[in-house]
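What follows is a short report on a single structure.
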Amino acid sequence: MNLQPEPIIVATAVFIFCCGAAGVALRKNPIGLLMSVELMINAAILVLVLGSRVHGNPMGQTVALLVLVLGAAEAVVGLALALAVFRRRAVVDVDAPQEIRG
Amino acid sequence: MLPLVPVVVCCALAALTGIGVIALRRPVYVAVALLGHSLSLAALYLAMSAQFSAAAQTLIYSGAIVVLFLIVVALLPSGGAEQTSWPRMAAGAVVLVAMLAGLATAVLASGLAHANREVFSVEQVGAPLFAELLLPFELTAPLLLAAIVAAIALWRRQESRPTADDEGARP
Amino acid sequence: MSAADLLLWSFLFPLPTLVLSALGLPKRAGALSFLSPLAILVAGVAWLAQGAGSAKVAVPDFVRFLPDGAFRLTVDPLAGVMLLVVGFVSTCVFVYSQGYMAHDERPHRFFAFLDFFVACMCLLVVAGNLMVLLIGWTGVGIASFLLISFWWQKDGGAPLKAGYLALGANAIGDAALLVAVVLVPSGLGELSGLGAIAHEAPERATALAWCLVIAACAKSAQGPLWWWLPSAMAGPTPVSALIHAATMVAAGVYLLVRTAGVIVDAPTVAYTTAWIGVWTALLAGVASLWQPNFKRGLAYSTVSQLGWMFTAVAVGAPFAALFHLVTHAAFKAMLFLSAGTVIAATHHEERIDQVGGLAKKLPFAFGYFVLGTAALIGTPIVTAGSFSKDAILEATLASPWPELGWLLLAGAFLTGAYAGRLLFGVFLGAPGPATEHAHHPGKIFDLALLPLAAGAIALGYLEAGTGALSGLLHDVVAVGEPVHVQPTLLGLGAFAIGLFGVAAGALLARTSTKCLPLPPFAELWQALWGEAQAIPEGVAALHTGRVSRYALIVLLGVAVSIGVAVAPVAGREAPPPVETKRRPYVPTDPRKKKDEERRKKKEQEERARRQQQRKEQQQEMRLDATRGDLKPLKAPAKPAEGSAP
Amino acid sequence: MTDLLADLSWTSRAELILVGTMLALLALAPRLEKSTTATSLLGVFGALGAGACGLQVEGLPRLGMLVVAVGVVVAMLLLQVAELFDLRQRPEAAALVVVGGLGALVIVASRSLLEIAIGVELLSLSGATLVALGRGQRPLEAAFKYFLLSAVTFAMFLFGMALLFLANGSFGLDALNEVFGPGRGVALAGAALMVMGLAFKLALLPVHFGALDAYTAGPASLVGFVMLASKLGAAAGIAKIASASGASVQQLLLGAGLLTIGFGVVASFAQTELRRLLAYSAVAHAGFLAIAAGSPKLGMPTALFYVVCYGAAALLAFAALAGTGSAANDDQLPVARLGNGLGRARALALVLALASLAGVPPLPGFWAKLAVLMTAWKAWGPVPTALVALGGVIGVIYYLRPVPDLLAQSKQEGPRLSLGVALALALTAGLVLFLAFAPGWGYWLANN
């Protein structure tokens, strides 16, 4: 079997993305949940860098940089919201606030 | 051709630390796992001779975002290890399997193009920022500003009347 | 400006009184409101006097995404006759409502709604294409909802529920009509030209016919969509008379008469519609016998009579249907309004076992009710109902499906039975508990019905003997056999059957309870309905408030959608990796790019201009050739053609 | 400098004006805290500037800019009665409104996937924060859930974008067409991921939950704008991606749209609070939008036309509700006994808005549904069209449920209308009526 590096990287990226998705489903702590989202974004960046290499196009790396910035911005607001919601709660569980339903 | 061995090693590391991010119980450990994950990705980028991305990943991710997470971990009363229930674990497993199935089908049904090895200098990577990506690049400025404003506004909302309207919070 | 042009805009006539009523302006509510239907009536009469001409108006490009997006209004003899009916009945009902709503808390709103209804009804009638028709169509449905649930807090919200039922049935009809709008291919937008669709787009003709029939069934409470009309009786009685007996429910028949060409061209649809009409006529007649509430009994009677009209249209006698629509509007409104007089006299008592023997206290109402009953069973010569009913019977018996006609004859017995039961149960026989303190509610209750009574007698002669109506309509509607004044054997037979029915109904009214026990399936239906109401709550309960649950659903949903998107290529062999050619990446300066775009654009324009020139040249040459110019084609012609590609 | 300006497209100028407005609002925030009027005026001027730029362009961005301008103006007018936790945060709220408008505009005018991504991020930042600034704990909870789910779906969008880049090496929307051949599973998966990521902003099933919370619990004066901006951006983005993708993505949108319509319609029947009713029916409307945007032909103009018609009515509904709730239970307006204390203008405005949302002809909601039906007929044939038609008209029942009540109580005195609310009501009601009697014009605007 002829192992090639590119498919391995794609597989890794897909796996990381799915790990992030699973983390979103199983995490209770809002911070852990946001970190899982970061995993998903990391997978996207990895694919971008790989695409840049595969296509011989530096734009992939450039966009990867911008995506990093997007991820950072999202983390900032997500953490601020998590802090605002959970700072006065004894239980830090994303399911704790459930006043809005039905 | 890419060097196979470093790529495989870095990929394995990234995947392992990724599992760590979702599997570890203590928030601090999770942050450390995320740090490791980010660093192994940076190493992978180096192996792929994408030096600029490696540097950016290290600086922005490991340097800034993970630290931010650590600070918030310290701020929140997380109460030690996270108690994950079995239904949630099952939910995570189901999502993992479903997503993997969907994406694997997609990947298996497509072939990858690949070009010759090429190393991009920082100049080459930066050039699109002033050409095709000029508009998105400039739009990141208001985006970051908006993020800052949002964070500050949320904080101010919190601070302005600390005792009022606490009906949803538990003591 | 001729009267026909005036009638085009008849839907605007009620607007002034609507605004006045909405503002609560004439101190006595509705004191002026009757003027707007009266104006429609007067305009209609003037239109008749001027020779019943046609008029059209179209605002092009009103809706651009429709093939025929024009706002079309048309007044032709059919619309004119319908407007006359609407104006006539509404005027009487408006006057009557003055008395009926005198003690209400919010009479102004009532009259505003009623004006809104008349406006929508007129728009429905003068609509020139399906789209405009749909505006009026939905409008009358909403007016009907507002008026049914006018006393929405009464009886624990029962009128509001009745309003929802009506809205639900209407919604199904509206959906069908919406699909019909989409189905009509371009160029056939005009309502009167819809019959041509069978030739232009035969593959859509049947679907269109189905849509029209479903819409008409919903509006006229036919077939499986009958359920809302009886419960609509929760509204004030004038509303029942105007909307749920004379005009709005007849809109379905009007639509079918208008588009009879489409229906008749689709034999399956026509056959099904005819059966729907007959069965509705029969079953509603039976159901009426069970009603403990005499208004609901009348409502079932309306459903049954509309079934007669449906049958007539489906067997290819739209004129008979229209004729029955006209006469039925007069006598059924009269029946309802005299029932309303009873209700007003007995302080809102609608149960048949609570009243009885009211003939002495309410002689006028009794007289009107007798006349209405006579018209309903088709008393020859005296009442209008006999002529129109006989016309339907004759047409059905002469159709390819005469068995329908025999069933209708059986229906005549049921008609007599329910009409007789109501007549004997309410006005004759032993007085009920509510009869004692019943008092005559006022003169206006008697006078407002006079024109309707005159109509119930005289409207038949519009056609019978004179042939005036068919003379008016022969361009628009397929007119069948002429109607004679002399009663035919068939008519006399039907009348005799009806009389037997009345006798049976009288017997039924003498039974101790005055109504039969409700069949058990009503309870089953209610139980099912209660179960159905749990479904929305169950669906809404998906919103649990737990964000992890949401995330799980989101992630699984996305996984499934990836699967759906990838499915077409799943399992295929991956193509071998492609070796891309190394293209050195050159960043493009946006400004340079813009220059390049400009240059390209310029080039393109240049090319287009050159082509245009070439075309013109060729055209000129061709013109030369067609003129019979014998000169040989100019030399550059051929190279130009050759170089074009 | 002048050269630079001359070279700038009108879209970019509008974006610049919005950014400038945001900067001005933030820079002057300490002073503006005391004068709501000045804040509103500044925002209104910025929006009008962007709208004026919009008149100069041809094509899609024009309609987008006009919609954004109207939305921002209405939000600014309602700022006076905004139910903010801390009333001194009005300048920040105004700035975030402008950011949301910018996001929608960026998506509408975008030519590459990255621009769509940035627009989506701008939208979710501003939307979540605007919801969070509301009074009480419920808005905060709603904003948290909204943002969490939005982050997840945004990560999906980014991954999808990366997959597409991996498949064809370009971020351009024009180049998207080339990669959707057989065997291009990665590209298809990427397109599906991106569409679902955007669908969150549209409130499409199964990614509708966050929007449901936000529309229910956010401050009424701002939620109308959040809803309009996100639906505009998402519909434009989805239409762009779907029209460039193959049939399978379009069928995915059709299926999701039909499911969403069914879900929204059924669940709306269970709602007894007006805000929840509006939120659930917003989900049903998302289904129509998805079907419009996913149609191979005419997808974009139909979707935009729908957004315009729906947005006008939704803005009107939320403008009528703005500032009416008490501090604790903003969204506890039961459908029955609803008119209490609304006053005549608000009650009548609500009736108009509900009727339009229900699709009562000739109000704009009806024209929008008709346009979707026409498009669905051309693209998908009879069965989906019939289902869409049925789903479209059943809504009449739950939308008109509160109407008798509203009409009955429209006589009662309500709280006095402030100037801003009166202007906002007049503007949006005028827009609804204009679209009712000139639907052709609105469609022309969406189509050219």
Side-chain angles (χ1 to χ4, degrees), chain B residues 1-2 4 22 49-50 52-53 82-139 167-170, chain C residues 534 537-605:
Chain B
M1 273 304 282
L2 277 171
L4 188 61
I22 62 167
S49 35
F52 174 74
S53 290
E82 187 177 332
Q83 301 290 318
T84 312
S85 56
W86 281 107
R88 282 197 184 180
M89 306 267 268
V94 167
V95 166
L96 187 68
V97 170
M99 278 276 176
L100 267 181
L103 287 172
T105 322
V107 171
L108 288 179
S110 37
L112 275 184
H114 56 87
N116 290 332
R117 182 193 166 100
E118 191 170 2
V119 181
F120 297 117
S121 65
V122 176
E123 192 181 342
Q124 275 173 313
V125 172
L129 286 183
F130 303 97
E132 290 100 330
L133 298 181
L134 183 62
L135 182 65
F137 175 54
E138 290 184 349
L139 279 173
E167 72 269 26
R170 267 150 237 158
Chain C
E537 275 154 27
V539 171
L542 205 64
H543 193 226
T544 47
R546 291 164 151 262
V547 75
S548 66
R549 211 52 75 71
Y550 303 165
L552 182 63
I553 295 175
V554 165
L555 290 165
L556 288 181
V558 171
V560 168
S561 24
I562 295 174
V564 170
V566 178
V569 297
R572 289 207 201 155
E573 197 61 29
V578 191
E579 191 83 29
T580 47
K581 271 185 202 151
R582 203 174 145 231
R583 283 173 300 191
Y585 170 76
V586 188
T588 44
D589 186 355
R591 242 187 281 177
K592 269 189 201 150
K593 200 171 159 193
K594 203 172 249 175
D595 287 343
E596 202 169 309
E597 269 172 17
R598 267 183 216 146
R599 197 170 49 84
K600 267 189 193 159
K601 210 172 174 186
K602 224 176 250 175
E603 267 176 24
Q604 265 180 0
E605 277 167 12

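Letters go in sequence order (proteins before strands), and every chain restarts at 1.
- Comparing C/Val564, C/Ile562, C/Val558, C/Val560 by how many heavy-atom pairs each has under 4.5 Å with chain B, the most go to C/Ile562.
- Between C/Leu556 and B/Ala98 the shortest heavy-atom distance is CD2-CB, 4.0 Å.
- For CD of C/Glu603, the number of neighbouring non-hydrogen atoms (other residues, nucleotides, ligands) closer than 6.0 Å is greater than 12.
- Across C/Ser561, C/Ala565, C/Ala559, C/Ala551, the residue that shares the most heavy-atom pairs under 4.5 angstrom with chain B is C/Ala559.
- Partners of C/Arg546 according to the side-chain hydrogen bond (donor to acceptor under 3.5 Å, both in side chains) rule, which considers only residues two or more places apart in sequence or in another chain, are A/Asp95.
- Contact annotation: the side chain of B/Arg88 never approaches that of C/Leu552 to less than 4.5 Å [non-hydrogen atoms, C-beta and beyond].
- In terms of heavy-atom proximity, B/Met99 sits nearest to C/Leu555 at CE-O, 3.6 Å.
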